Number of protein chains: 2
Amino acid sequence: MAVQGQQTNVPIFQRIKDYILNEIQLGHWREGDVIPTEQALSIQFAVSRMTVNRALRELTSEQVLNRIQGSGTYVAQQKYQATLVTVKNIAEEIRARGHVHRSELHCLERSKANELLAKQFGLRAGHMLFHSIIVHFENDIAIQVEDRWVNPDVAPDYMLQDFSVVTPNEYLMVAAPLQGADYSIEACVAPKEITEMLAIGQKEPCLVLKRKTRSMDGIASVATMWHPGHRYQFSGSFS
Amino acid sequence: MAVQGQQTNVPIFQRIKDYILNEIQLGHWREGDVIPTEQALSIQFAVSRMTVNRALRELTSEQVLNRIQGSGTYVAQQKYQATLVTVKNIAEEIRARGHVHRSELHCLERSKANELLAKQFGLRAGHMLFHSIIVHFENDIAIQVEDRWVNPDVAPDYMLQDFSVVTPNEYLMVAAPLQGADYSIEACVAPKEITEMLAIGQKEPCLVLKRKTRSMDGIASVATMWHPGHRYQFSGSFS
DNA sequence: GAGTGGTCTAGACCACAAT
DNA sequence: TTGTGGTCTAGACCACTCC
């Protein structure tokens with residue numbers, strides 16, 4: 001019965017979200033400000049508290065708001081620019097470009113962890129680890145050297161895989177579903193063995209991605225991926 | 001009354017989420033499979049449909065599930081590993097490390113767009129652009145050369161800023177709220193002028209971030225940020 | 001038409017923060 | 001103690017898909 005001049009069929013919780021985003025955009029509500037309580041908004045919009053709750057909860061998960069139980073709802077810090085690098089499985093990435101992927105297995109061994117590795121895995125030095133070195137080719141041009149150490153406790157069958165068919169990445173995603181990862185991206189000159197595998201000059205810059213993946217049962221894998229700087233880059237976009 | 005052997009104080013909607021994630025992880029439910037309906041789950045867990053709805057809705061926004069009204073709820077495609085690089089304002093980033101930020105303005109000018117730049121901005125060649133080159137120091141060590149071109153139509157007051165106080169990034173975030181960006185990260189050897197500003201060897205690898213930011217009114221800015229490879233990296237984590 | 005998800009209500013009890 | 005957010009219920013009506 002009550003006609004409220006609402007434009008279309010936008011759900012109420014969405015209208016409340018839009019209203020809040022608008023107030024922030026207009027500068028009426030600034031970073032750190034308290035915004036009206038659930039009850040106040042439910043009265044203002046003449047809706048139930050659950051509906052307001054959903055709007056506020058979603059804006060919180062979208063990092064627009066912070067909520068503190070017992071205290072109130074606050075405008076969050078302005079978001080930093082974030083760059084989302086989607087690190088796909090390299091084989092799939094290459095195929096997606098319509099190119100041919102091929103890999104060479106240069107090393108597959110059991111080896112004892114040195115102190116540095118043990119520390120990264122959270123294990124004691126001397127603990128057994130799996131180690132593989134694989135070179136990935138795109139149309140027969142070397143594009144990545146993947147130097148990977150794997151925790152046998154997490155992926156006991158790692159050594160049994162045929163890495164010409166399945167990439168370590170693909171296998172680990174199935175064997176030890178990842179819960180998260182730490183990574184870094186840097187530019188440096190690669191050691192001689194790496195430059196040889198990539199067939200690049202010894203002084204040529206490499207783009208290096210180091211990644212440590214966490215699964216349920218601990219650190220699953222520590223990998224260093226070397227790419228020739230002049231023929232590889234990470235790219236993408238966000239909005 | 002009903003004791004259900006629940007471990008702790010985990011909310012019901014969270015337990016349902018965990019249950020679903022577990023079924024997927026165990027392989028009981030595979031990509032594309034239909035999972036039980038809201039009603040079925042609400043009976044299975046002896047909770048109200050709203051609680052199940054919240055669990056499913058959140059998993060959908062987390063890209064674990066797809067929902068189709070009138071049809072059902074499906075297991076989504078397995079996610080790619082995604083690396084979230086948070087590119088903060090460099091001044092803030094340095095201060096967050098407890099270090100001192102300082103910048104040197106090496107160039108601030110109006111200049112006509114060459115063909116390449118014009119194309120990036122979506123303007124015609126010869127269009128006027130603002131251009132700045134700033135070197136950022138962390139504890140008096142050069143850490144970034146920021147070579148930036150700005151669209152005057154979007155940020156007309158760019159030339160009036162005092163870039164020893166406000167970074168271009170800070171100013172642009174306010175003047176032209178960004179809607180998105182395209183970026184790439186690569187490793188290469190910098191031109192002589194850059195290596196001099198960074199005070200590094202001429203053959204030393206640089207980590208280069210190129211970023212094009214979009215605002216409401218078009219391309220706001222095109223920037224190339226050069227970092228010495230041996231003393232700078234992008235890093236972070238995700239889960 | 002039966003079944004599914006999408007949304008909403010008007011209460012309720014709780015944990016926590018501020019006072 | 002009061003006010004806040006966190007969660008949950010047992011219904012309801014709707015839009016959409018599928019048969």
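What you see is a predicted model; the values in this text were computed from it and never measured. Below, chains carry the letters A, B, ... as their sequence lines are ordered, and counting in each starts from 1.
- Within the 4.0 Å cut-off from OP1 or OP2 of C:dG11, not a single side-chain nitrogen or oxygen of A:Ser48 is found.
- When distances run from any side-chain atom of B:Thr73 to the nucleotides C:dT9, C:dG5, D:dC8, the shortest one goes to C:dG5.
- Side-chain atoms of B:Asn151 come within 3.5 Å of backbone N or O of B:Ile219 as a donor-acceptor pair.
- Here A:Glu23 does not pair with A:Arg30 in a salt bridge; the nearest charged N to carboxylate O distance is not below 4.0 Å.
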Could you walk me through whether A:Tyr19 and A:Phe45 pass the ring pair (Phe, Tyr, Trp, His ring centres under 6.0 Å) check? CA-CA 10 Å; A:Tyr19 164 75; A:Phe45 283 86; 5.3 Å; yes
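- In this structure, B:Arg49 atom CZ and D:dA12 atom C1' are separated by 10 Å, rounded to whole Å.
- Put simply, the side chain of A:Asn169 never gets that close to the backbone of A:Asn89: no donor and acceptor are under 3.5 Å apart.
- Atom CD in B:Gln39 sits roughly 15 Å away from atom C1' in C:dG6 (whole-Å rounding).
- Under a 3.5 Å cut-off, the side chain of A:Arg214 and the backbone N or O of A:Ala220 do not form any donor-acceptor pair.
- Distances from the side chain of A:Arg67 to the nucleotides D:dC8, D:dG6, C:dC8 place D:dG6 closest.
- A:Asn66 places its CG atom 15 Å from the C1' atom of D:dT4, with the value rounded to the nearest Å.
- Between A:Leu41 atom CG and D:dG3 atom C1' there is a gap of 15 Å when expressed in whole angstrom units.
- Side-chain nitrogen and oxygen atoms of A:Thr51 include none within less than 4.0 Å of the OP1 or OP2 phosphate oxygen of C:dT7.
- A sub-4.0 Å separation between OP1 or OP2 of D:dG6 and a side-chain N or O of A:Arg57 is absent.
- With hydrogens and angles left out, the side-chain atoms of B:Arg57 and B:Asn53 include a donor and acceptor closer than 3.5 Å.
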Do any N or O atoms of the protein come closer than 3.5 Å to N or O atoms of nucleotides 17-19 of chain D, and which pairs are they?
from: D:dT17; atom 1: O4'; to: B:Gly70; atom 2: O; distance (Å): 3.3

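- The nearest whole Å value for the distance from the CD1 atom in A:Ile43 to the P atom in C:dG11 is 13 Å.
- Here C:dT4 presents its C1' atom at 15 Å from CG of B:Leu65, a figure rounded to the nearest Å.
- Residue A:Arg54 is classed as a sugar-phosphate contact, given heavy-atom separations below 4.0 Å to backbone atoms only.
- The pair B:Glu138-B:Arg231 does not meet the salt-bridge criterion, since no charged nitrogen lies less than 4.0 angstrom from a carboxylate oxygen.
- Per the geometry, CG belonging to B:Asn53 stands 14 Å off C1' belonging to C:dT9, to the nearest Å.
- A:Ile12 comes within 4.0 angstrom of the backbone, heavy atoms only, and of no base.
- Across D:dT4, C:dT7, D:dC8, the shortest atom-to-atom separation from the side chain of B:Phe13 is found for D:dC8.
- Atom-to-atom, CG of B:Leu56 to P of D:dC8 comes out at 14 Å; the value is rounded to the nearest Å.
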